[in-house]
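Below: one structure, written as structure tokens.
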Amino acid sequence: MSKLLVIAFDATDAATSFGFAHALGLPFDVLQLTGLSVPSGAGTVTLANLGSIPPADGLAKALQPLVAGYSHIASPSSMGSKDVLAYLAGLLDTGMVTDAIGVVSPTEFKRPIYAGAMTATIKVNCDPIIITFRPGNFGKDAASANGNESTTSLNVTSQATILSESSKGSARPDLSQAAIVVSGGRPLKDAATFESVIGGFADALGAAVGATRAAVDAGIAANDLQVGQTGKVVAPNLYIAAGISGSTQHMAGIKDSKLIVAINTDTNAPIFDAADLGLVGDLFTVLPELQRELKQ
Ligand SMILES: Cc1cc2nc3c(=O)[nH]c(=O)nc-3n(C[C@H](O)[C@H](O)[C@H](O)COP(=O)(O)OP(=O)(O)OC[C@H]3O[C@@H](n4cnc5c(N)ncnc54)[C@H](O)[C@@H]3O)c2cc1C
């Protein structure tokens, strides 16, 4: 019988997997690697209770016996899930679809190609089928209560050892999940200016902060803030792009945003072609002014 196993790295993954499972139309279970169980509508939720996500090679080997019997194995798309599931596909000698944005049938999926400029429909002739999917493309259907709950312990042995992990402990919303994102580009000059102008405005809105690769490469913004083809893919209700030209690589990461607002001094900037609302102006004047208005 065809059945889906969602490998959820955390509770957010589990909660956002319902839309994809619904689109696939198969009964599904969830194997959640960290955190506590949340409603996702799964038949069975198995908690692995890992303290943190181990290196991909060891985790994939530990997952191998747990995925037996499932026709589909899927995770919300992230750097981590693409790493682990690719290892798993290799171990199972099977095929993988990354970044699915639509389900045509249980063996046919839509995914972006050419940095999101086109969408390909691909048919997968393998068993099991391994998939990473973009939750933002599968709606926000309300998840129902879970069926059974169980726990499992994963015996992970890896060739790599994580010596230490550090977190900046940001109080801001998670960039991939945020309802509002404020992003800045190259004109922000340096890290302090970026933090005060983009960070300050984002905080006034309760928004997450994003950046272009040009800003990241120049040391203006942290690497994990990069949005785009080689960064994070976001789909907020509101995306504010300040001092961003609108390269195809950046747009690949934001095109599913519900409303794009662009602030740019150049009336011919390509971002204005994609923006729902364009403001021709200097971000160093416009953002502080908007921030003052918000305060009032
Ligand atoms: C393989 C590959 C992958 C890539 N992946 C990514 C990716 O994932 N994400 C990404 O972002 N890029 C990516 N890039 C880089 C991309 O091609 C662009 O170089 C980059 O997005 C440009 O960033 P930017 O808009 O900040 O800078 P610029 O292109 O320099 O644009 C700056 C904009 O700011 C405007 N401006 C200047 N001063 C002001 C001011 N005071 N107020 C308002 N506006 C102002 C300018 O008019 C201009 O439009 C990738 C490139 C390659 C080759």
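Counting starts at 1 for both ligands and their atoms, following the listed order. All values below come from the heavy atoms of this structure, side chains included, with hydrogens, waters and symmetry mates left out.
- For D203, the side-chain hydrogen bond (donor to acceptor under 3.5 Å, both in side chains) criterion is met by R172, not counting sequence neighbours.
- Within 6.0 Å of the NZ atom in K123, the count of heavy atoms belonging to other residues, nucleotides or ligands exceeds 12.
- Partners of Y87 according to the side-chain hydrogen bond (donor to acceptor under 3.5 Å, both in side chains) rule, which considers only residues two or more places apart in sequence or in another chain, do not exist here.
- The immediate protein surroundings of ligand 1, defined as residues with any heavy atom under 4.0 Å of it, consist of G185, R186, P187, T212, R213, A214, Q226, V227, G228, Q229, T230, G231, G243, I244, S245, S247, Q249, H250, I263, N264, T265, D266, G281, D282, L283, F284.
- Not counting sequence neighbours, Q32 has no partner by the side-chain hydrogen bond (donor to acceptor under 3.5 Å, both in side chains) test.
- Considering S81, S77, S78 in turn, S77 is the only one that fulfils the side chain to side chain donor-acceptor pair (under 3.5 Å) rule with T132.
- A salt bridge between D276 and K258 is absent, with no side-chain N of the basic residue lying under 4.0 Å from a carboxylate O of the acidic one.
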